[in-house]
Amino acid sequence: MADKHALVTGGSRGIGRAICLRLASDGIDVAVNCVAGVDAAEKTAAACRERGVEAIVVKGDVSDAEQAKNIVADTAKTWGSIDILVNNAGIVRDDIAIRMSEEDFDAVIATNLRGSFLCMREAGRYMLRQRSGRIVNISSIVGLNGNAGQINYAASKAGVIGMTKTLALELGKRGITVNAVAPGFIKTDMTACLPEKVVTKMNSDIPLKRFGDPEDVAAAVAFLVSDDASYITGQVLSVNGGLDM
Ligand code: NDP
């Protein structure tokens with residue numbers, strides 16, 4: 001994978017950080033995006049460089065059209081191409097539907113859905129000119145199955161799957177693949193606040209009897225951007241310990 005250049009949105013922490021490190025270990029240069037956590041993003045970039053690749057930090061809010069454009073342009077300008085986009089940036093604002101505020105609904109849609117669209121639109125323009133590229137969108141088991149208390153998040157992650165399949169249809173003829181990864185419960189800041197009771201129940205429901213590690217998701221992303229996955233597009237790869245069986 002030498003001479004490949006990737007942009008990972010939300011690469012400062014959690015799953016995004018693990019994806020950055022895994023791509024770096026596979027010899028891919030990485031642009032680490034964050035919206036606020038510049039120090040964490042710099043640490044991720046430094047850890048990528050320790051793996052022998054180039055890495056930069058590109059700060060910006062993916063939900064803002066101008067900033068999304070700059071995030072992608074800065075990446076492409078640094079290396080002259082953008083070969084891989086991983087749309088990983090995401091947030092939650094949980095509540096049951098009848099209590100959820102419009103602000104919380106809109107905030108989650110803006111980052112998770114609109115942010116993924118904006119970055120795909122911008123990166124897609126470069127990839128079309130290059131006639132090559134790989135896009136991986138991080139969806140969720142919640143986008144496939146729904147989850148009480150997450151109507152905004154479920155809508156955003158189901159929407160990501162719809163966008164993945166649509167873009168796979170639009171870009172396939174130019175050799176660009178677009179796939180999604182749907183993680184189950186993964187140990188990150190996002191799940192750290194789950195009540196002990198919920199964690200115990202989930203651990204018992206998950207056939208593999210544990211939450212996933214960020215590296216489990218990163219391995220699926222690494223596969224989808226590798227040459228071994230060149231005939232796979234428009235697919236959703238679940239990484240959930242068997243939770244949805
Ligand atoms: P974390 O909360 O640990 O990290 C979120 C990342 O997204 C951070 O890097 C954060 O940057 C970045 N981010 C948030 N908003 C924006 C924005 N507007 N623009 C740019 N970057 C932003 O989340 P996880 O690692 O747990 O989740 C990563 C992805 O995986 C998300 O899309 C999530 O929905 C999905 N997922 C997670 C699961 C889990 O169990 N953890 C399960 C299924 C899917 P900063 O540091 O600057 O705040």
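Heavy atoms only: backbone and side chains are in, while hydrogens, waters and symmetry mates are out. Counting starts at 1 for both ligands and their atoms, following the listed order. Numbers here are sequence positions counted from 1.
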How about R114 and S63: does a side-chain donor come under 3.5 Å of a side-chain acceptor? no

On a heavy-atom basis, which atom in A180 and which in S139 lie closest, and how many Å separate them? CB-CB, 4.5 Å

Determine, for D26 against R22, whether the closest basic-nitrogen to carboxylate-oxygen distance falls under 4.0 angstrom. yes

W79 vs H5 aromatic rings, parallel, tilted or perpendicular, using cut-offs 30° and 60°? parallel

Test item: side-chain donor near acceptor, S116 and N137, under 3.5 Å: no

What pairs with D213 under side chain to side chain donor-acceptor pair (under 3.5 Å), at least two apart in sequence or on another chain? K187

Considering only N or O atoms, set out every pair between ligand 1 and the protein closer than 3.5 Å, with distances to one decimal place.
{"unit_1": "ligand 1", "atom_1": "2 (O)", "unit_2": "R13", "atom_2": "NH1", "d": "3.4"}
{"unit_1": "ligand 1", "atom_1": "9 (O)", "unit_2": "G10", "atom_2": "O", "d": "3.1"}
{"unit_1": "ligand 1", "atom_1": "9 (O)", "unit_2": "S12", "atom_2": "OG", "d": "2.7"}
{"unit_1": "ligand 1", "atom_1": "11 (O)", "unit_2": "S12", "atom_2": "OG", "d": "3.4"}
{"unit_1": "ligand 1", "atom_1": "18 (N)", "unit_2": "D61", "atom_2": "OD1", "d": "2.8"}
{"unit_1": "ligand 1", "atom_1": "19 (N)", "unit_2": "V62", "atom_2": "N", "d": "3.1"}
{"unit_1": "ligand 1", "atom_1": "25 (O)", "unit_2": "I15", "atom_2": "N", "d": "2.8"}
{"unit_1": "ligand 1", "atom_1": "26 (O)", "unit_2": "T188", "atom_2": "OG1", "d": "2.4"}
{"unit_1": "ligand 1", "atom_1": "32 (O)", "unit_2": "N88", "atom_2": "O", "d": "2.7"}
{"unit_1": "ligand 1", "atom_1": "32 (O)", "unit_2": "K157", "atom_2": "NZ", "d": "2.8"}
{"unit_1": "ligand 1", "atom_1": "34 (O)", "unit_2": "Y153", "atom_2": "OH", "d": "2.5"}
{"unit_1": "ligand 1", "atom_1": "34 (O)", "unit_2": "K157", "atom_2": "NZ", "d": "3.1"}
{"unit_1": "ligand 1", "atom_1": "36 (N)", "unit_2": "Y153", "atom_2": "OH", "d": "3.4"}
{"unit_1": "ligand 1", "atom_1": "40 (O)", "unit_2": "G184", "atom_2": "O", "d": "3.4"}
{"unit_1": "ligand 1", "atom_1": "40 (O)", "unit_2": "I186", "atom_2": "N", "d": "2.8"}
{"unit_1": "ligand 1", "atom_1": "40 (O)", "unit_2": "I186", "atom_2": "O", "d": "3.3"}
{"unit_1": "ligand 1", "atom_1": "41 (N)", "unit_2": "I186", "atom_2": "O", "d": "3.4"}
{"unit_1": "ligand 1", "atom_1": "41 (N)", "unit_2": "T188", "atom_2": "OG1", "d": "3.1"}
{"unit_1": "ligand 1", "atom_1": "46 (O)", "unit_2": "S12", "atom_2": "OG", "d": "2.7"}
{"unit_1": "ligand 1", "atom_1": "46 (O)", "unit_2": "R13", "atom_2": "NE", "d": "2.9"}
{"unit_1": "ligand 1", "atom_1": "47 (O)", "unit_2": "V35", "atom_2": "N", "d": "2.9"}
{"unit_1": "ligand 1", "atom_1": "47 (O)", "unit_2": "A36", "atom_2": "N", "d": "2.7"}
{"unit_1": "ligand 1", "atom_1": "47 (O)", "unit_2": "G37", "atom_2": "N", "d": "2.8"}
{"unit_1": "ligand 1", "atom_1": "48 (O)", "unit_2": "R13", "atom_2": "NH2", "d": "2.9"}

